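In what follows, a single structure is set out as structure tokens and then discussed.
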Amino acid sequence: MLDPWLAFVISLALAVAAAVALTAAVALVIRLVAKRMRWPEPLVRHTRRPFRVVVLIIALWIAVAVAFPASGEGSWREVIYHALTICVIAAGAWLMAGLVAFSTDITLGRNRIDVANNRVARRIRTQTLILRRLAVAVIVIIALGAILLTFPAVRTVGASLLASAGIASVVAGLAAQSVLANIFAGLQLVFSEALRVDDVVVVEDEWGRIGEITLSYVVVDLWDDRRLVLPCTYFTTQPFQNWTRQGSELLGSVELDVDWRVSPALMRERLAEVLTQTDLWDGRAQVLQVTEATGGLVRIRILVTAVDAPTLFDLRCFVREAMVTWLQRTMPSSLPVQRVLITEPAAHDDAATRASREEDTRSDDTSAGGSGLFTGSVEAQERASVFTNAIPIIDAEDRDR
């Protein structure tokens, strides 16, 4: 009869050889399939290591079982079997997580978001990423539960734990209220399609794209390469702008303040020429209107359209620069100006002084017997006699006589 350790070595060698042969056969089949299809490549990338670990652990378990059959409770063989069971559960969970990642990568690869009209693809991508996180979390929880249940003491305590599960769940819910609120808010965002990965949004007066949606927070990639991290509850309780919920096409405006001497008709013709010179314009709309003409200036508003928000921003800058350059070159008189009446202060003061002096002279003449309405001349005295009627008017010479 062979020594148990020698039998273990032989059994282990045979088991490892069988495991290597099995993995080689699987790899050969996958290579043959990979020549015609693309899906085996991500499958190998995600499951190669956990599959090898699972096969090796099973081979080691078989070798131990053949060389050292279990002889009773509490023996060291039982401890080894228990450890191998835990390793198989952990490696199996790793393999299942790899299969989940492989399946989700296949779905994401078929729904790319770097193409035009990607609204459906963005929805599928967002939901797939959340489902992958949920699936991995469930696999980890089940694996941990299975590992704990391998201990007899835990199985004994399990009945009492189930009896108090109701009270424990209430206490845990109260303690982790904010965490649970974020989790449910994240699920609500994903499956209500209110927010998707790569959506263009405006939050907290910042413009950016949704870079990542998790079960607790949302990452917004801002236009200047900053990252704005907000809890999921923010998007379910606060208003925000989603520029790509139904489509990525947008309408933007360019406003110019010019002088009254501008010609809107010529500007409209120039706008049509400018838009034909760029691929940024999608051809849906081009409008030039005078929206305001007050305060000495005329406000021109130009409306243009583009396929998405970044393209629209570049198009608005392009149109604004082209129109300003054209106005400077062809109609410099239409550039905004401020009209100010400038006079000479000295001349103004002399005229005012002369007018004041003449007024004072007339007043003095009138008071000293000069020409007035009822005094100073024969006609004035006749007018006065009409009002005085029988009242005699005594001249100064008569009074002296």
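Quick caveat: nothing in here was measured; it's all calculated off a predicted structure.
- Sorted by first and then second residue, the side-chain hydrogen bond (donor to acceptor under 3.5 Å, both in side chains) pairs involving residues 82-97 (not counting sequence neighbours) are His82-Thr150.
- Within the structure, side-chain hydrogen bond (donor to acceptor under 3.5 Å, both in side chains) pairs that include any residue of residues 283-300 comprise Asp257-Arg299, Asp282-Arg284, Gln289-Arg301, Glu292-Thr294 (at least two apart or interchain).
- The side-chain hydrogen bond (donor to acceptor under 3.5 Å, both in side chains) analysis of residues 309-321, with sequence neighbours excluded, yields the pairs Asp308-Thr311.
- Judged as a salt bridge (Lys or Arg N to Asp or Glu O under 4.0 Å), not a single pair has a partner in residues 10-29 (not counting sequence neighbours).
- For Trp243, the side-chain hydrogen bond (donor to acceptor under 3.5 Å, both in side chains) partners two or more places apart in sequence, or in a different chain, are Gln241.
- Partners of Phe240 under the ring-ring contact (aromatic ring centres under 6.0 Å, His included) rule, at least two apart in sequence or in another chain, are Phe235.
- Nearest heavy atom pair, residue Leu315 against residue Thr305, reads CD2-O, 3.3 Å.
- Heavy-atom minimum distance, Ala194 versus Asn242: O-ND2, 3.1 Å.
- For the atom pair OG1 of Thr233 and CD of Gln238, the computed distance is 9.0 Å after rounding to the nearest 0.5 Å.
- Tyr217 and Cys232 make their closest contact through N-SG, 3.4 Å (heavy atoms, listed as atom of the first residue, atom of the second, distance).
- Annotation for Ala93 and Ile139: closest pair O-CG2, 3.6 Å, computed over non-hydrogen atoms.
- Across all their heavy atoms, Val197 and Gly211 have their closest contact at CG1-O, 4.1 Å.
- For Glu204, the salt bridge (Lys or Arg N to Asp or Glu O under 4.0 Å) criterion is met by no residue, not counting sequence neighbours.
- Salt bridge annotation for Arg125-Glu212: absent, with no cationic side-chain nitrogen under 4.0 angstrom from a carboxylate oxygen.
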Show me the donor-acceptor pairs within less than 3.5 Å that the side chains of residues 96-107 make with the rest of the protein, sequence neighbours left out.
residue: Ser103; atom: OG; partner: Leu99; partner atom: O; Å: 3.3
residue: Ser103; atom: OG; partner: Val100; partner atom: O; Å: 2.8
residue: Thr104; atom: OG1; partner: Val100; partner atom: O; Å: 3.0
residue: Thr104; atom: OG1; partner: Ala101; partner atom: O; Å: 2.9
residue: Thr104; atom: OG1; partner: Arg132; partner atom: NH1; Å: 3.1
residue: Asp105; atom: OD1; partner: Arg132; partner atom: NH1; Å: 3.1
residue: Asp105; atom: OD2; partner: His46; partner atom: NE2; Å: 2.4
residue: Thr107; atom: OG1; partner: Ser103; partner atom: O; Å: 3.2

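- Between Gly92 and Val54, the shortest heavy-atom contact is N-CG2, 3.9 Å.
- The stretch residues 57-67 participates, sequence neighbours left out, in no salt bridge (Lys or Arg N to Asp or Glu O under 4.0 Å) pair at all.
- Asp221 has no carboxylate O lying under 4.0 Å from a charged side-chain N of Arg209, or vice versa, which leaves the two without a salt bridge.
- With sequence neighbours excluded, no residue forms a salt bridge (Lys or Arg N to Asp or Glu O under 4.0 Å) with Asp279.
- Under the side-chain hydrogen bond (donor to acceptor under 3.5 Å, both in side chains) criterion, Gln328 pairs with no residue at all, not counting sequence neighbours.
- Remark: Arg268 engages no residue in a side-chain hydrogen bond (donor to acceptor under 3.5 Å, both in side chains) (not counting sequence neighbours).
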